[in-house]
Amino acid sequence: MNEFSIPMALADYIPVFLFGAAAVVLMRDLYNKMSKGAFALFAAGAIDIACAGALKATYKLLYAAGICDFQPLSQMFFPVQSIGFLLAGLGMVAMLCHRQGNTAVYGAAVPPAVFQGTGLFVLVMVVGLGCMMTALSILSVRLKKAGLIAFFALAFVCSLCMGYLSSRDFTEAAANWAAEGVNILGQGSLLAGTLLLHRAGFADVDRKGTAIR
């Protein structure tokens with residue numbers, strides 16, 4: 001039995017909005033610096049992340065309002081968000097770097113072992129998010145705004161904390177409110193760093209920090 005409330009569910013939309021706002025600012029500023037392939041990766045990743053967060057918040061709202069327990073909306077959150085961060089991170093790395101199995105046979109009587117994949121999704125999220133925040137930090141240094149690294153570092157740490165909290169028991173309201181606070185802080189930090197980078201003239205320079213003529 002989950003202890004979701006309507007205020008908690010509505011609060012879950014806040015970090016989604018904060019991340020979405022940061023993503024829009026970044027996409028506008030990065031559009032003239034990225035190849036089509038790199039921009040497509042970043043944009044697809046950002047959309048994946050925002051959609052995952054919005055669907056999870058919608059799941060909580062439906063549950064709290066007593067409408068239904070729409071479990072797929074919750075279950076898809078971690079995989080979709082992880083893939084989104086990986087795509088966004090790869091897109092930014094591609095911009096900075098000028099670039100944009102085995103099959104096992106199982107017998108009918110022996111079904112394959114269940115694989116939850118939590119560790120894999122955490123790894124994918126950390127790699128993608130790490131690439132994204134590292135690229136933003138490098139761009140901040142190139143614009144002589146090294147202090148902005150603190151915002152992106154805080155966003156990265158908060159996202160790691162969210163990854164940890166996601167593996168805990170989320171049936172209690174206290175755990176959910178703690179996760180809400182961490183998520184809002186992290187996405188707010190990302191938005192603040194992005195806006196300050198934008199105000200520093202990021203839109204008017206290339207990826208090397210040279211003014212665009």
Side-chain angles (χ1 to χ4, degrees), residues 14-54 56 77-100 119-143 145-166 179 182-200 202-203 205-209:
I14 296 176
V16 176
F17 172 78
L18 294 174
F19 176 83
V24 169
V25 174
L26 279 174
M27 283 190 280
R28 290 172 64 89
D29 288 352
L30 290 170
Y31 186 76
N32 62 351
K33 303 170 182 62
M34 287 181 157
S35 66
K36 292 181 179 179
F39 185 80
L41 282 173
F42 179 79
I47 292 170
D48 268 6
I49 297 166
C51 286
K56 182 63 178 285
F77 170 73
F78 207 13
V80 173
Q81 185 192 59
S82 299
I83 293 171
F85 275 120
L86 180 62
L87 292 175
L90 288 176
M92 297 206 70
V93 169
M95 176 193 66
L96 293 177
C97 298
H98 309 276
R99 292 181 62 92
Q100 265 278 303
L120 177 61
F121 291 131
V122 170
L123 177 62
V124 168
M125 185 184 73
V126 170
V127 170
L129 185 62
C131 290
M132 182 176 169
M133 296 308 163
T134 299
L136 287 171
S137 297
I138 291 172
L139 293 168
S140 298
V141 171
R142 290 178 178 177
L143 265 71
K145 295 290 180 180
L148 298 183
I149 294 176
F151 289 97
F152 300 126
L154 178 59
F156 180 70
V157 171
C158 287
S159 294
L160 292 184
C161 290
M162 280 300 299
Y164 171 77
L165 290 173
S166 296
V182 171
N183 203 11
I184 290 172
L185 177 62
Q187 302 310 324
S189 180
L190 174 60
L191 177 59
T194 299
L195 290 175
L196 290 172
L197 193 63
H198 175 74
R199 291 175 183 175
F202 183 48
V205 299
D206 60 19
R207 57 188 172 76
K208 295 182 180 180

Specify the closest pair of heavy atoms between [X] and [Y], including all atoms of both residues, with the distance to one decimal.
X      : Y      : value
Leu87  : Ala44  : CD1-CB, 4.3 Å
Ala200 : Leu143 : O-CD2, 4.0 Å
Leu26  : Met132 : CD1-CE, 4.2 Å
Gly84  : Asp48  : CA-CB, 3.6 Å
Ala52  : Val80  : CB-CG1, 3.8 Å
Gly53  : Val16  : C-CG2, 3.4 Å

From [atom1] ([X]) to [atom2] ([Y]), nearest 0.5 Å:
X      : Y      : atom1 : atom2 : answer
Thr134 : Ile149 : OG1   : CD1   : 9.5 Å
Leu86  : Cys131 : CG    : SG    : 7.5 Å
His198 : Arg28  : NE2   : CZ    : 7.5 Å
Met27  : Thr194 : CE    : OG1   : 11.0 Å
Leu191 : Leu195 : CG    : CG    : 4.5 Å
Phe42  : Ile47  : CZ    : CD1   : 10.0 Å

Tell me which one of Val127, Leu90, Ile49 satisfies side chain to side chain contact (heavy atoms under 4.5 Å, CB included) with Phe85.
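Exactly one option meets the side chain to side chain contact (heavy atoms under 4.5 Å, CB included) with Phe85, and it is Ile49.
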Between Leu197 and Phe151, is a side chain to side chain contact (heavy atoms under 4.5 Å, CB included) present by the stated rule, with each step listed?
CA-CA 11 Å; Leu197 193 63; Phe151 289 97; over 6 Å; no
Can you confirm whether Leu190 sits close enough to Phe152 that some side-chain heavy atom of one is under 4.5 Å from a side-chain heavy atom of the other?
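Side-chain contact under 4.5 Å: yes.
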Would you check if Leu30 and Met95 make a side-chain contact, meaning some heavy-atom pair closer than 4.5 Å?
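They are in side-chain contact.
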Please check if the side chain of Ser137 supplies one atom and the backbone of Met133 the other of a donor-acceptor pair under 3.5 Å.
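Yes; at least one donor-acceptor contact below 3.5 Å.
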Before you tell me yes or no, could you show the steps for Met92 and Leu139 under side chain to side chain contact (heavy atoms under 4.5 Å, CB included), namely the whole-Å CA-CA distance, both residues' side-chain angles and the distance that decides it to 0.1 Å?
CA-CA 10 Å; Met92 297 206 70; Leu139 293 168; 4.1 Å; yes
